[in-house]
Amino acid sequence: MIGLGTIVNVGTVLIGTTIGILLKNGLPKRFEKTVMQGLGLTTCFIGIGGTLSEVLTIQDGEIGTQHTMLLILCLALGAVIGEALNIEQRLEDFGAFCQSHFAAKGDSRFVEGFVTASLLFCVGAMAIVGLNGDPTMLIAKAILDGVASILFAASLGKGVYLSIVPIFFYQGGITLMARFIRPWLTDVLIGQMSCVGSVLIFAISLNLIFNSKLRVGNLLPAIFLPVLFFFLAQFFPTLGTL
């Protein structure tokens with residue numbers, strides 16, 4: 001069934017968020033910071049692991065690297081595109097609009113919950129592998145997102161519910177797109193996209209741990225730029241060595 005992984009993902013986030021809200025109502029306020037930092041540490045190691053698995057190589061017993069220049073170019077150009085589109089501000093504006101219409105008064109972290117959860121659930125490497133057209137990995141991702149949504153909701157509240165909107169359109173869009181473009185994509189290319197996504201996951205972890213404000217949303221275009229370099233490499237073979 002087309003889109004099964006995305007449907008399951010939306011369902012697990014809804015269930016997880018509901019559980020998190022119930023826990024939030026029963027937890028003292030002082031628990032929030034520690035819960036968020038714990039989630040940040042977990043996210044940090046997921047991001048580092050995903051990045052190193054694609055960047056590091058082992059040949060003849062020696063450790064090397066690959067695709068580092070491609071990673072730099074994608075992040076730099078992605079930042080330019082993202083800032084021009086002001087993606088993160090648009091996410092925040094959408095969250096603020098929904099907060100004004102649906103959230104209870106005094107829910108000051110509604111927008112933060114929406115933006116943070118949306119970015120984490122969408123930029124991950126496991127969403128990108130939806131290009132393979134196999135729902136198995138997306139269902140595994142759905143379980144992980146469900147657990148993460150419990151922690152997010154326990155700390156940030158009901159804004160996490162709204163993250164199902166970008167999950168549905170972004171991840172569902174990738175799944176539908178896979179039917180048409182998968183024959184032209186290689187496993188190496190999908191790995192490069194996953195690598196960029198893992199770097200963004202690491203950036204999200206810094207926001208969670210240190211309460212910093214890296215504009216991860218404005219880096220989202222970087223995930224898809226390996227596709228551009230892949231097709232350009234057909235005409236300029238040098239780009240294939242990045």
Side-chain angles (χ1 to χ4, degrees), residues 1-24 35-36 38-51 53-54 91 94-95 98 112-179 181-182 185 187 190-191 193-205 207-208 216-217 220 223-224:
M1 175 182 174
I2 298 174
L4 175 62
T6 298
I7 294 172
V8 173
N9 205 162
V10 168
T12 57
V13 170
L14 287 174
I15 294 171
T17 303
T18 301
I19 295 173
I21 295 297
L22 295 176
L23 290 175
K24 179 181 177 66
V35 169
M36 188 56 64
L39 181 58
L41 288 172
T42 304
T43 305
C44 177
F45 279 97
I46 291 174
I48 292 175
T51 303
S53 67
E54 297 294 338
L91 280 173
F94 176 68
C98 292
E112 182 183 357
F114 161 62
V115 174
T116 304
S118 296
L119 290 175
L120 180 61
F121 296 157
C122 289
V123 306
M126 296 177 79
I128 298 301
V129 298
L131 289 168
N132 285 322
D134 182 3
T136 304
M137 185 63 75
L138 293 181
I139 291 175
K141 173 185 179 294
I143 296 172
L144 295 176
D145 287 353
V147 175
S149 65
I150 295 175
L151 299 176
F152 271 126
S155 181
L156 299 177
K158 296 181 180 179
V160 180
Y161 275 125
L162 199 58
S163 66
I164 65 170
V165 175
I167 289 175
F168 181 81
F169 287 103
Y170 173 83
Q171 189 170 290
I174 288 178
T175 302
L176 291 176
M177 187 170 57
R179 300 185 63 193
I181 68 174
R182 182 64 183 94
L185 299 183
D187 291 336
I190 293 176
M193 296 172 68
S194 298
C195 180
V196 177
S198 294
V199 172
L200 299 192
I201 287 179
F202 176 72
I204 293 172
S205 76
N207 285 344
L208 293 173
V216 181
L220 283 176
I223 296 176
F224 300 98

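The figures that follow rest on heavy atoms only: side chains count, while hydrogens, waters and symmetry mates do not.
Looking at K141, its side chain does come within 3.5 Å of a backbone N or O of F121 through a donor-acceptor pair.
T51 and V199 get closest at one heavy-atom pair: OG1-N, 3.4 Å. The two residues C195 and E54 have their closest heavy-atom pair at CB-CB, 3.6 Å. The minimum heavy-atom distance between S205 and G40, with the atom names listed, is CB-O, 3.3 Å.
Listed by chain and number, the residues in a side-chain contact (heavy atoms from CB on, under 4.5 Å) with T12 are V8, N9, A142 (sequence neighbours excluded). Scored by the side-chain contact (heavy atoms from CB on, under 4.5 Å) test, L41 finds I209 as partners (sequence neighbours excluded). Annotation: side-chain hydrogen bond (donor to acceptor under 3.5 Å, both in side chains) contacts of T18 (sequence neighbours excluded): Y161. In this view, I46 and T42, I201 satisfy the side-chain contact (heavy atoms from CB on, under 4.5 Å) rule, not counting sequence neighbours. Among residues two or more places apart in sequence or in another chain, the side-chain contact (heavy atoms from CB on, under 4.5 Å) test is passed with L162 by F94, C98, F110, F114, V165.
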Practice problem: Please assess V115 against S118 for the test side-chain contact (heavy atoms from CB on, under 4.5 Å), listing each intermediate value before the final yes or no. | Solution: CA-CA 5 Å; V115 174; S118 296; 5.8 Å; no

Exercise. For the pair V216 and N207, evaluate side-chain contact (heavy atoms from CB on, under 4.5 Å) and give the outcome as yes or no after the intermediate values.
Key: CA-CA 9 Å; V216 181; N207 285 344; 3.9 Å; yes

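From L151, atom CG reaches atom CG of L208 across 10.5 Å, with rounding to the nearest 0.5 Å. Between the CD1 atom of I21 and the CG atom of L156 there is a distance of 9.5 Å, given to the nearest 0.5 Å. For the atom pair D145 CG and F152 CZ, the distance stands at 9.5 Å (nearest 0.5 Å). In this structure, the separation between OH on Y170 and CD1 on I223 is 4.0 Å, given to the nearest 0.5 Å. Note that the CG atom of L144 and the OG atom of S149 stand 11.0 Å from one another [nearest 0.5 Å]. Note that CG of L23 and CD1 of I150 are 7.0 Å apart. Values are rounded to the nearest 0.5 Å.
The shortest distance between side-chain heavy atoms of T43 and L120 falls below 4.5 Å.
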